[in-house]
Amino acid sequence: MSREKQREPREPHRVRLPGFIKDEDVGLGDAVKRATSLVGIKPCGGCAGRAGRLNSWLAFSKRR
């Protein structure tokens with residue numbers, strides 16, 4: 001089997017942060033992107049790919 005067939009998209013792990021997250025889930029990649037932008041780091045070409053991979057791995061959620 002090829003590597004592409006072995007990797008099936010799956011739901012990211014969910015971590016509850018009731019006081020910090022609004023109604024919408026926030027992925028880890030989006031959180032890193034916001035933090036780096038706030039400190040003045042400019043995004044590069046690989047940033048979108050990194051954010052997508054991190055978002056598919058972990059998401060912060062308000063609700064269960």
Side-chain angles (χ1 to χ4, degrees):
M1 280 168 78
S2 69
R3 291 181 115 195
E4 293 175 14
K5 290 188 178 190
Q6 291 176 353
R7 292 185 186 181
E8 294 180 8
R10 53 184 168 167
E11 286 291 314
H13 298 283
R14 302 266 181 222
V15 176
R16 288 184 55 214
L17 293 176
F20 299 101
I21 304 299
K22 300 198 181 209
D23 295 331
E24 191 173 299
D25 290 353
V26 176
L28 179 60
D30 294 333
V32 170
K33 186 178 4 176
R34 289 179 192 171
T36 56
S37 294
L38 285 173
V39 296
I41 298 173
K42 299 200 186 281
C44 65
C47 291
R50 182 215 59 225
R53 286 189 302 277
L54 289 174
N55 286 343
S56 68
W57 181 61
L58 182 70
F60 300 109
S61 177
K62 179 180 178 180
R63 60 196 175 284
R64 282 189 175 212

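The first residue in the sequence is number 1, and the count goes up from there.
- Grouping the Ile, Leu, Val, Met, Phe, Trp and Tyr side chains by contacts below 4.5 angstrom, directly or via other members, places Trp57 with Val32.
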Carefully, step by step, assess Arg14 and Asp25 under the rule side chain to side chain contact (heavy atoms under 4.5 Å, CB included).
-> CA-CA 9 Å; Arg14 302 266 181 222; Asp25 290 353; 2.9 Å; yes
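- The CG atom of Leu28 sits 12.0 Å away from the CZ atom of Arg53 when rounded to the nearest 0.5 Å.
- Between the side chain of Asp30 and the backbone N or O of Asn55, no donor-acceptor pair lies under 3.5 Å.
- Side-chain atoms of Arg50 and Cys47, non-hydrogen and from C-beta on, do get closer than 4.5 Å to each other.
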